[in-house]
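What follows is a short report on a single structure.
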Amino acid sequence: MNAEAQTYIDAIAPEHRPLFDRVHRLILGAYPEADVVLAYGMPTYRVGDRRLHVGVWRHGVSLYGWDQDAGADLLSRHPELLSGKGTIRLRSQEAADVTDEELGALVRASLGPDAP
């Protein structure tokens with residue numbers, strides 16, 4: 001992890017840190033080799049040519065650069081997570097409704113070698 005990404009993560013507000021840590025753990029659990037850098041002002045996980053951006057905002061955590069097919073599957077079960085084109089918004093208070101399996105599938109589809 002580069003120093004800029006670590007600084008961003010260290011500064012996450014305590015109320016959002018558990019949710020960020022959950023997403024971070026799922027990504028690195030699936031892709032321990034992922035580079036974590038700061039891009040577009042937020043932690044970005046790079047695996048080969050693939051990218052997944054994870055930003056922390058006032059509401060919780062947002063994901064950008066995710067696989068549209070995997071996102072459609074997740075969003076069919078949790079339509080409230082879609083916030084504009086290309087943004088999945090996980091509000092800290094609602095994140096418990098989304099399972100690690102659902103988030104993990106999105107991560108694997110977005111960063112995996114078989115992703116489109």
Please tell me if the side chains of I27 and L111 come closer than 4.5 Å, counting only heavy atoms from C-beta onward. yes

Provide the closest heavy-atom pair for V36 versus P43 in the form atom of the first, atom of the second, distance. CG1-CB, 4.4 Å

Applying salt bridge (Lys or Arg N to Asp or Glu O under 4.0 Å), can you list everything that pairs with R77, at least two apart in sequence or on another chain? D73, E102

My understanding is that only residues two or more places apart in sequence, or in another chain, count here; which of them pass side-chain contact (heavy atoms from CB on, under 4.5 Å) with N2? E4, A5, V37

Donor-acceptor under 3.5 Å (W66 side chain, L52 main chain): no

If the condition is side-chain contact (heavy atoms from CB on, under 4.5 Å), which residues does S62 pass it with, not counting sequence neighbours? W57, H59, Y64, T87, R89

For the backbone of G112 and the side chain of Y31, can you confirm whether one donor and one acceptor N or O come within less than 3.5 Å of each other? yes

By ring pair (Phe, Tyr, Trp, His ring centres under 6.0 Å), H24 pairs with (sequence neighbours left out) F20, Y45

Check: H16 side chain, V61 main-chain N or O, donor-acceptor pair, under 3.5 Å: no

Mind checking what makes salt bridge (Lys or Arg N to Asp or Glu O under 4.0 Å) contact with R51, not counting sequence neighbours? none

For R22, enumerate each residue passing the side-chain hydrogen bond (donor to acceptor under 3.5 Å, both in side chains) test, keeping only those at least two apart in sequence or located in another chain. D100

Across all chains, not counting sequence neighbours, the side-chain contact (heavy atoms from CB on, under 4.5 Å) partners of A105 are R108

Summary of salt bridge (Lys or Arg N to Asp or Glu O under 4.0 Å) pairs that have at least one residue in residues 33-45, sequence neighbours excluded: D35-R46

Qualifying residues under side-chain contact (heavy atoms from CB on, under 4.5 Å), relative to Q6, sequence neighbours excluded: M1, I9, D10

